[in-house]
Amino acid sequence: MYTKLHTKSYSNNNILFFLLNPNEDIAEKNPLRIVNAVVVSLDLKEFKKL
C-alpha cells in the first residue's frame with residue numbers, strides 16, 4: 001500500500017494585508033496594544049542594511 005504525497009508550493013513574495021483598526025477592533029486593555037507600542041517604537045534602520 002502506497003501513500004500519496006501532496007505538496008504545495010510556497011512563495012514568500014506574496015504579501016497579505018490584514019486591515020485592522022486597533023481603535024475599533026482591539027479592546028482598550030488588551031495586552032496586544034503594549035506589544036504594538038513596543039514594535040512601533042523600534043528603530044530598525046541599522047537592523048538591515050541594503
Side-chain angles (χ1 to χ4, degrees):
M1 178 181 213
Y2 294 99
T3 302
K4 192 171 184 178
L5 180 62
H6 296 279
T7 61
K8 184 176 180 181
S9 63
Y10 173 76
S11 172
N12 61 356
N13 294 331
N14 295 335
I15 300 174
L16 296 176
F17 291 99
F18 295 99
L19 300 176
L20 179 69
N21 184 348
N23 294 326
E24 294 176 3
D25 300 331
I26 300 174
E28 188 174 330
K29 293 185 178 183
N30 191 313
L32 183 59
R33 289 185 178 265
I34 296 171
V35 174
N36 185 55
V38 170
V39 171
V40 168
S41 70
L42 292 175
D43 182 15
L44 300 177
K45 292 177 188 172
E46 298 296 323
F47 181 72
K48 180 179 179 184
K49 294 183 180 182
L50 298 175

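Just so it is clear, the model here is predicted, and its values are computed rather than measured. Sequential numbering from 1 along the given sequence is applied to the chain's residues.
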Worksheet item: What pair of heavy atoms forms the shortest contact from Ile26 to Asn30, and how long is it?
Response: CG2-CB, 3.5 Å
Item to complete: Could you tell me which non-hydrogen atom of Glu28 sits nearest to which non-hydrogen atom of Arg33, and how far apart they are?
Response: O-CD, 3.3 Å
Discussion item. Looking at Ile34, I want to see if its CD1 is surrounded by more than 12 non-hydrogen atoms of other residues, nucleotides or ligands under 6.0 Å.
Written reply: no
